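Input: a single structure, listed below in structure tokens.
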Amino acid sequence: MLRGKLLIRDLTLRDGQQSLFATRMTQDQVDRVLPFYKEANFYALEVWGGAVPDSVMRYLGENPWDRLEKIKTAIGDISLLTALSRGRNLFGYNPYPEDVIEGFNRNAIKSGIGIMRIFDALNDVDNMKSTIRYVRESGGIADCAISYTVDPKFSAKQKIKSWAHFKSLPHNIFTIEYFVEKAKEMESLGADMISIKDMAGLVTPLRAGKMIRQLKEEVNVPVDFHTHCTPGFGLASVLMAMINGVDIVDTSILNFAGGPAAPAFEIVQIFADRLGIDTGVNLKAVAKINKELKIIREELSEFDSYKVFPIDFDISDYKLSREINRLFTKAIYMAKRDKEEELLDACHEIEKYFNFPEADETVKRAEIPGGMYTNMLAQLKQLRLDHLLPRVLELVPLVRIKSGCPPLVTPTSQIVGVQAVNCVIDENKGMPFFTTKSIQFVNLVKGIYGKTPIPVDPDFREELTGVREETPYDTKNYKKQENTVFEDYGDMKLAETEKDELLLELFPTVARDFLTKCVEERYLTNIYHIEEEKRRKHQEAREAYERLTPEEKRNRLLEGLYNYQWLSYPDEDLGRS
């Protein structure tokens, strides 16, 4: 199943910095690595979407469209630029009207996006249909991503405690066949490629190998594998995907890899070398990028939760010790023989050598994304109830089943996590579960966000939402954001262009603040230019006056062609006049 060529999608400038440094890279920091990226020859660079548009406005005061366009100008056609969005939901919770979906995808592709990775938090393919069409109509590549997740797991104790909440406990929901069928549905709608999007890093090496094998047999478009390292499966699962014929893998460059981020490109490249697989990447350019990323990581230290750097390593010129070479050989040997435990042991030793964080055992046992875990803990700490976290983790499977077993990916991971905390708070107060509920959880159960992987119990839906039948969101109820006109600023509009209008629709609060500042800056800039033009004309008039003979000056003044106060003529000129 091994392939002679492997394409690499670099995640450093989006997923890498988002996973490790709260998406705080400034435009200046991005600009510093772009010349090296132009040399690197990656198949694709993920640079936009996800948290980038929100964060660059909210925290950096930068325009997201400008960031994308500057990257495109610097990279040209060397690598495809990729972005991430949630189909009909784009960056929000509720579905958007078709004109917003079409406008966003058209403008993103016009501004430089070559591949739009489209996913839905519920794996509801209906929520992806129109985006696939609009991306392809605009000349982009539709990368349809399946959100990977696992079945909720209940201990015997949990089953007894929660039995009253279930008519039966569903099982075998997220089988390999489930994911393959989703891929085939997406291909039939026009997907140009399929991605397994394992945002929580939950796919084990054996499962990764089997899934890639089956996908390569049953779909006719390229397959991409995307995972994270938090629970400790990431590197081993990428190696298994490579051995089983995956077309593309997602990696980050060493200093922006590991932990909650993706596996390191450099380690994947070493495996590729050992397997005789060509990635086509310029390794000298990668070494330059990594060197600059170390400096940038130091600059981002206040957002770096680990503050433990990987070793200094130059992928273009390196030598490994006999022991480390042996670990790479062992990992490949065990992967080819489906020896999962031994493979994981070897990969963990390799990651230890490169000084990456160890696997997060708590997240691994809970089988939830790291971000979901930290958000729940933060919510409990705020209420001084963090001692109840173990009980919250026990209730996550219950909340998932009651809400139709959504995959744990943004935003459903946060919806389920918040509701699990609410249930524990209810329990702590002696009240029934789901007494306290968020509007997002109500909407999830109601059907506003789309079809869940398993049906919601109609009795529970009626009890929670007041309606028994699934109720999809009606975009007729959608209200466009007000485009304020600033009379004090010469009737300037808040959103002057379609791209501004899209920011306002997709990020109402953050974009309103950002665009208001932009209006103020434009107004001040206009005033400055007007004053500069006045000063320029004034200076030209003075210079023209100075070139005149005394006789001509006197005649001009008598004709009223020059204004004394405006030009501030010397007193002796007036006297002579």
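Quick caveat: nothing in here was measured; it's all calculated off a predicted structure. When a residue number appears, it is its place in the shown sequence, counting from 1.
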Is there side-chain contact between [X] and [Y], with heavy atoms separated by less than 4.5 Å?
X	Y	answer
M199	T227	no
M186	I146	yes
I212	E217	no
R213	K210	yes
F313	I315	yes
L6	V249	yes

Verdict with reasoning, T149 to R400, per side-chain hydrogen bond (donor to acceptor under 3.5 Å, both in side chains): CA-CA 12 Å; T149 191; R400 278 188 79 193; 3.3 Å; yes
Stepwise salt bridge (Lys or Arg N to Asp or Glu O under 4.0 Å) check, K451 with D126: CA-CA 9 Å; K451 288 190 177 296; D126 281 346; over 6 Å; no
Count the heavy atoms of every other residue, nucleotide or ligand shown that sit under 6.0 Å from [atom1] of [X], and state whether that count exceeds 12.
X	atom1	answer
K330	NZ	yes
K339	NZ	no
D28	CG	yes
E358	CD	no

Using a strict 4.0 Å threshold on nitrogen-to-oxygen distance, state whether [X] and [Y] make a salt bridge.
X	Y	result
E181	K184	yes
R9	D224	yes
D317	K284	no
D120	R86	no

Chi angles and distances behind the side-chain contact (heavy atoms from CB on, under 4.5 Å) call for I248, M193: CA-CA 10 Å; I248 309 161; M193 57 194 294; 3.2 Å; yes
Polar side-chain atom of [X] near backbone of [Y] as donor-acceptor pair, under 3.5 Å:
X	Y	answer
D143	I115	no
S413	M372	no
N123	S147	yes
N127	R88	no
N105	V135	no
H226	S195	no
S19	D15	yes
T452	P455	no

Is it true that [Y] and [X] share a donor-acceptor pair across their side chains at a distance under 3.5 Å?
X	Y	answer
D66	Q27	no
Q17	T23	no
Y478	E505	yes
K499	S111	yes
R297	N255	no

Would you compute the distance between atom [atom1] of [X] and atom [atom2] of [Y] and round it to the nearest 0.5 angstrom?
X	Y	atom1	atom2	result
T131	N89	OG1	CG	9.0 Å
Q269	R274	CD	CZ	12.0 Å
L293	L254	CG	CG	9.5 Å
S138	N107	OG	CG	8.5 Å
E39	L283	CD	CG	12.5 Å
I289	Y37	CD1	OH	4.5 Å

F328 and F354 aromatic ring geometry - parallel, tilted or perpendicular at 30°/60° bounds: perpendicular
Parallel, tilted or perpendicular: ring planes of F21 versus F256, cut at 30 and 60 degrees: perpendicular
[X] and [Y]: aromatic ring centres closer than 6.0 Å?
X	Y	answer
F42	F265	yes
F104	F91	yes
Y473	Y449	no

Residues E137, R106; criterion salt bridge (Lys or Arg N to Asp or Glu O under 4.0 Å); working and verdict: CA-CA 8 Å; E137 286 174 355; R106 172 170 42 80; over 6 Å; no
From CA spacing to verdict: side-chain hydrogen bond (donor to acceptor under 3.5 Å, both in side chains), E98, Y134: CA-CA 10 Å; E98 291 299 306; Y134 296 139; 2.7 Å; yes
Could [X] and [Y] be counted as a cation-pi pair, given that NZ or CZ must be under 6.0 Å from the ring centre and within 45° of the axis?
X	Y	value
K197	F119	yes
R24	Y59	yes
R337	Y333	yes

Member of D314, D312, D304 meeting the salt bridge (Lys or Arg N to Asp or Glu O under 4.0 Å) criterion with K294: D312
